There are 2 protein chains.
Amino acid sequence: MQRFDHNQNHSRPAPLKSTRQRQVILEELRKVTSHPTADKVYQMVRKQLPRISMATVYRNLEMMAETGQIQRIPVPDGPMSFDGDISDHHHIRCRECGRIFDVPKDMRVDVAVPEELGLRTGFDSVECFMQFTGVCPDCKK
Amino acid sequence: MQRFDHNQNHSRPAPLKSTRQRQVILEELRKVTSHPTADKVYQMVRKQLPRISMATVYRNLEMMAETGQIQRIPVPDGPMSFDGDISDHHHIRCRECGRIFDVPKDMRVDVAVPEELGLRTGFDSVECFMQFTGVCPDCKK
DNA sequence: ATAAGTGCAAACGTTTTGCCCTAGC
DNA sequence: GCTAGGGCAAAACGTTTGCACTTAT
């Protein structure tokens, strides 16, 4: 089934139990800058919790995104990536190697646009998903 | 396997044969404004070509995107959509019903950003994928 | 004790593939 | 006649779900 709403700001109630799985997932995600996919997170936490399942990883990533503890980074035409850094920033993805890097959000971008767009299209609560791509310094060779 | 490059501007050689399947797919895509997914395109062309297969639809959509005859619209967290209108414009997607609408590209958006970003990140040929979301007039009720 | 959370395996929706057949050139 | 392209079925991929078991509260 198709899910249309990938907005992460609908905060849901915080989890009721504190589990080792959750702790490790969040820890690992916060200690890297690599914006891993669910599968990468699974590989990372498996070193500490060899019996953890993918389902648990997915369930917790989803929950953490909805409670605002992590950020989801939808990758057009690729698997979802995750970011333990929830500060407001952009991402730039290398078209060669696929790696995602942070971009500080201090530029004159997408600022006045959503309101203007709402007026012109009749849409409510307009948001803008934006992702930069390019060829990273490493891949320039 | 993961595909990182969803850029549609790497024009590949034009197809060698003209087939009925190709004609119908392109026709149908050009006659609607609804930005259908591959499955929707399949349903559309099946009325004229009941024996066509999904594989053919996917193969042709990919080829047409790479030869610049159609546009791919990656939908974050949803199936790829397609647009027979290849003129330069943005899209806005309703978070309630999932429909995609056109937005004219005449706003002061993403203009000077890529160059500046290149300087600041060391990336080459920076591009910006941008997609707006909101609640469409119909879904406001 | 209870119910939230886990692991496992199976299912899901989307997209791709291999193989053999069909049909444009 | 040659080979690009098609149909079919199966596989691949990322993700979700049902269910019985475990564990934090």
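Quick caveat, the model's predicted, so the values are computed rather than measured. Below, read A as the first sequence line, B as the second, and so on, with proteins coming before strands; counting in each chain starts at 1.
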- prompt: Hey, is the side chain of A:Q21 poking within less than 4.0 Å of OP1 or OP2 on D:dT23, counting only N and O atoms?
  reply: no
message: Has A:K140 got a side-chain atom pairing as donor or acceptor with A:D138's backbone, closer than 3.5 angstrom?
response: no
message: Rounded to whole Å, please give me the gap between CE in B:M63 and C1' in C:dT17.
response: 18 Å
message: Can you see if the side chain of A:R20 gets near the phosphate of D:dT23 - specifically, an N or O under 4.0 Å from OP1 or OP2?
response: no
- request: Using heavy atoms to find the nearest nucleotide of DNA chain C for B:K17 and A:R22 separately, return the residue whose nucleotide is more 5′.
  value: A:R22
field: Derivation and outcome, side-chain contact (heavy atoms from CB on, under 4.5 Å), residues A:F129 and B:F129
entry: CA-CA 8 Å; A:F129 169 73; B:F129 169 74; 3.7 Å; yes
- request: Only counting residues at least two apart or in another chain, list the ones meeting ring-ring contact (aromatic ring centres under 6.0 Å, His included) with B:H91.
  value: B:H35, B:H89
Sorted by number, the residues of residues 52-62 of chain A with heavy-atom contact under 4.0 Å to DNA chain D: A:A55, A:Y58, A:R59
Length of the CG-P vector between B:L49 and C:dA23, whole Å: 13 Å
task: Can you tell me the distance, in whole Å, between the OH atom of B:Y42 and the C1' atom of D:dG6?
output: 13 Å
message: Does C:dA4 have OP1 or OP2 under 4.0 Å away from a side-chain N or O of A:T19?
response: no
- prompt: Taking the six-membered ring where the residue is Trp, are the ring centres of A:F123 and B:F101 under 6.0 Å apart?
  reply: yes
message: What is the separation between atom NZ on B:K40 and atom P on C:dT14, rounded to the nearest whole Å?
response: 9 Å
query: Which listed nucleotide (D:dA4, C:dC25, C:dT14) is nearest to the side chain of B:S18?
result: C:dC25
query: Side-chain donor-acceptor pair under 3.5 Å between B:S87 and B:D85, yes or no?
result: yes
field: Protein-nucleotide distance (B:M64, atom CE; D:dA4, atom P), rounded to Å
entry: 18 Å
Length of the line joining A:I73:CD1 and D:dG14:P, which is rounded to integer Å: 17 Å
query: Below 4.0 angstrom, N of the basic side chain to O of the carboxylate: do A:K31 and A:E28 qualify?
result: yes
- request: Provide, to the nearest angstrom, the distance between the CE atom belonging to A:M80 and the P atom belonging to D:dC13.
  value: 19 Å
message: Less than 3.5 Å apart, any donor N or O on the side chain of A:S125 or B:R95 sitting next to an acceptor on the other?
response: yes
